[in-house]
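Here's the structure, in structure tokens; my notes come after.
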Amino acid sequence: MTIIATWNVNSIRARLPVVVDWLQSAKPDIVLLQEIKTVKESFPYEEIGDLGYNIALVGQKSYNGVAILAKRPIEDVLDHLPGNEGDESARYIEAVVGDVRVASIYVPNGQEVGAEQYHYKLKFLEHLREHARTLLTYDEAFVLGGDYNIAPTDEDVYDPKLWKDRIHCSQPERAAIRQIEMLGLTDLTRALHPANEPSGKDLYSWWNYRTRAWDTNSGLRIDLLLASPQAVDRLEASGIDTDPREAPKASDHTPVWCRLR
DNA sequence: ATGTCCACATTTTGTGGA
């Protein structure tokens with residue numbers, strides 16, 4: 001049994017107490033972190049290592065940064081997204097842990113539709129799709145987890161009319177996610193919690209600090225676990241744990257998890 | 001346009017990013 005979670009922590013150092021609490025209570029086997037916002041030298045190796053986790057990370061000063069925490073050994077680490085070599089921002093780490101391959105991905109935010117960063121976001125997603133196509137040829141269980149910065153459908157948005165065609169919800173962004181899914185990857189949250197079932201209603205992973213969106217559950221579901229067929233065959237449970245979003249000094253994102261047999 | 005939270009530098013406030 002393997003619990004895999006993805007979580008944009010918005011600075012690992014600012015979030016350390018919340019992260020430590022959650023690791024102790026949820027006891028995930030593999031955690032995919034985004035926006036650790038630090039370099040290796042300042043990562044809290046001791047505090048997290050003491051909880052029994054191995055750590056692999058790609059760091060960056062101030063911005064971005066992704067990590068993999070795992071109770072089992074972390075092997076065959078890849079520190080960048082193939083095809084995206086010219087990009088120095090720390091947005092991708094992939095590795096093999098036991099019998100599953102995982103990636104922790106921080107897709108560019110995009111700022112606003114049409115911006116330079118928006119086109120960079122769509123280009124990143126093209127590279128991700130091509131890499132997913134390659135990974136599928138391995139015929140193995142893998143989970144690509146991360147902050148995709150895209151709400152795949154209107155069902156993933158608290159107010160679709162307000163967000164129509166805006167960043168996170170624009171048609172080209174949604175098409176990019178669909179094109180990755182159409183290769184044969186499954187959104188593990190929706191797989192067990194369809195939007196038309198009670199457990200699939202108001203299922204969000206991010207709430208804007210600026211609008212105090214948490215207070216009214218005005219969220220978006222932009223953190224995803226996209227899995228290969230071999231991983232889907234092992235899927236036992238999935239969900240979004242909102243407890244850490246309730247904590248003092250919370251991240252604006254909360255952990256999204258799955259359990260594979 | 002606004003709101004809040006983070007890192008960092010030139011700090012005891014400003015700037016950029018989300």
Side-chain angles (χ1 to χ4, degrees), chain A residues 6-22 32-45 47-48 57-67 81 84 87-93 104-125 128 145-152 156-159 161-170 172-174 176-177 204-224 240 242-256:
Chain A
T6 182
W7 191 4
N8 179 323
V9 290
N10 185 19
S11 167
I12 186 63
R13 286 184 288 169
R15 215 62 60 212
L16 191 57
V18 180
V19 170
V20 166
D21 276 359
W22 188 74
L32 310 168
L33 300 177
Q34 301 87 38
E35 279 207 274
I36 61 173
K37 288 187 171 181
T38 187
V39 292
K40 263 197 172 96
E41 291 71 26
S42 305
F43 189 92
Y45 277 96
E47 293 89 335
I48 289 174
L57 68 86
V58 180
Q60 187 180 331
K61 189 178 177 182
S62 300
Y63 306 115
N64 309 315
V66 287
L81 176 61
N84 200 39
D87 182 3
E88 292 303 309
S89 54
R91 298 184 176 277
Y92 190 92
I93 186 170
S104 177
I105 307 168
Y106 181 41
V107 174
N109 173 288
Q111 196 170 36
E112 64 178 325
V113 174
E116 189 180 330
Q117 294 94 322
Y118 179 76
H119 298 293
Y120 162 54
K121 177 181 198 171
L122 294 177
K123 185 59 80 175
F124 184 96
L125 289 160
L128 185 58
D147 176 2
Y148 282 77
N149 266 314
I150 298 169
D156 303 306
V157 181
Y158 71 98
D159 186 346
K161 282 180 184 162
L162 175 67
W163 282 83
K164 184 175 165 52
D165 296 330
R166 285 173 57 182
I167 195 69
H168 307 305
C169 299
S170 72
E173 291 171 274
R174 286 180 169 175
I177 289 290
Y204 309 129
S205 66
W206 173 79
W207 297 261
N208 199 334
Y209 283 131
R210 279 179 278 187
T211 52
R212 300 183 180 279
W214 172 250
D215 298 343
T216 52
N217 195 23
S218 300
L220 304 183
R221 192 175 69 88
I222 58 177
D223 299 272
L224 310 176
I240 299 181
T242 53
D243 286 351
R245 190 62 181 80
E246 196 86 66
K249 278 183 74 72
S251 169
D252 45 352
H253 297 251
T254 211
V256 174

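First the proteins, then the strands, lettered A, B, ... as listed; each starts at 1. Scope of the values below: all heavy atoms of this structure, side chains included, with no hydrogens, waters or symmetry mates.
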Check the distance between B:dG16's C1' and A:Y209's OH and give it to me in whole angstrom. 16 Å
In terms of heavy-atom contacts, A:G145 and A:T6 come closest through C-OG1, 3.7 Å
In this structure, how many angstroms lie between the P atom of B:dA18 and the CG atom of A:N149, rounded? 9 Å
Whole angstrom is fine here: how far is it from CZ in A:R15 over to C1' in B:dA7? 12 Å
Here's a test of your reading of the structure: between A:I36 and A:N64, which maps to the more 5' nucleotide of DNA chain B? A:I36
Does a nitrogen or oxygen in the side chain of A:S11 sit under 4.0 Å from OP1 or OP2 of B:dA7? yes
In whole angstroms, how far is the P atom of B:dA18 from the CZ atom of A:R212? 22 Å
For A:R13 and B:dC5, what is the distance between atoms CZ and C1' respectively, to the nearest whole Å? 15 Å
So, does A:R210 get its side chain near the phosphate of B:dA1, meaning an N or O under 4.0 Å from OP1 or OP2? no
Can you check the A:L16 CG to B:dC5 P distance for me, whole Å? 19 Å
Integer angstrom distance from the P of B:dG16 to that of B:dT11: 16 Å
What interatomic distance, in whole Å, is found between P of B:dA1 and the corresponding atom of B:dT13? 28 Å
Where the side chain of A:N10 is concerned, which of B:dG3, B:dC6, B:dA7 is the nearest nucleotide? B:dC6
Within this structure, what is the CD-to-P distance between A:E35 and B:dG16, rounded to whole angstrom? 18 Å
Whichever of A:N109 and A:K249 has the more 5' nearest nucleotide on DNA chain B, that residue is A:K249
Should the pair A:W214 and A:W207 be assigned to parallel (<30°), tilted (30 to 60°) or perpendicular (>60°) ring geometry? perpendicular
Please test A:N10 against A:K37 for side chain to side chain donor-acceptor pair (under 3.5 Å), starting from the C-alpha separation and ending with a verdict. CA-CA 7 Å; A:N10 185 19; A:K37 288 187 171 181; 2.9 Å; yes
Specify the separation, in whole Å, of atom NZ of A:K37 and atom P of B:dA7. 6 Å
For the P atoms, the ones on B:dC5 and on B:dT10, what distance do you get once it is rounded to whole angstrom? 26 Å
Identified pairing partner of B:dT15, criterion: Watson-Crick or G-U wobble below 3.5 Å: B:dA7
Reported OH-to-CZ distance for the pair A:Y63 and A:R91, which is rounded to 0.5 angstrom: 11.5 Å
Under 4.0 angstrom between A:K121 side-chain N/O and B:dA18 OP1 or OP2: no
A:S170/A:Y118 under side chain to side chain donor-acceptor pair (under 3.5 Å): CA gap, chis, key distance, verdict: CA-CA 10 Å; A:S170 72; A:Y118 179 76; 2.7 Å; yes
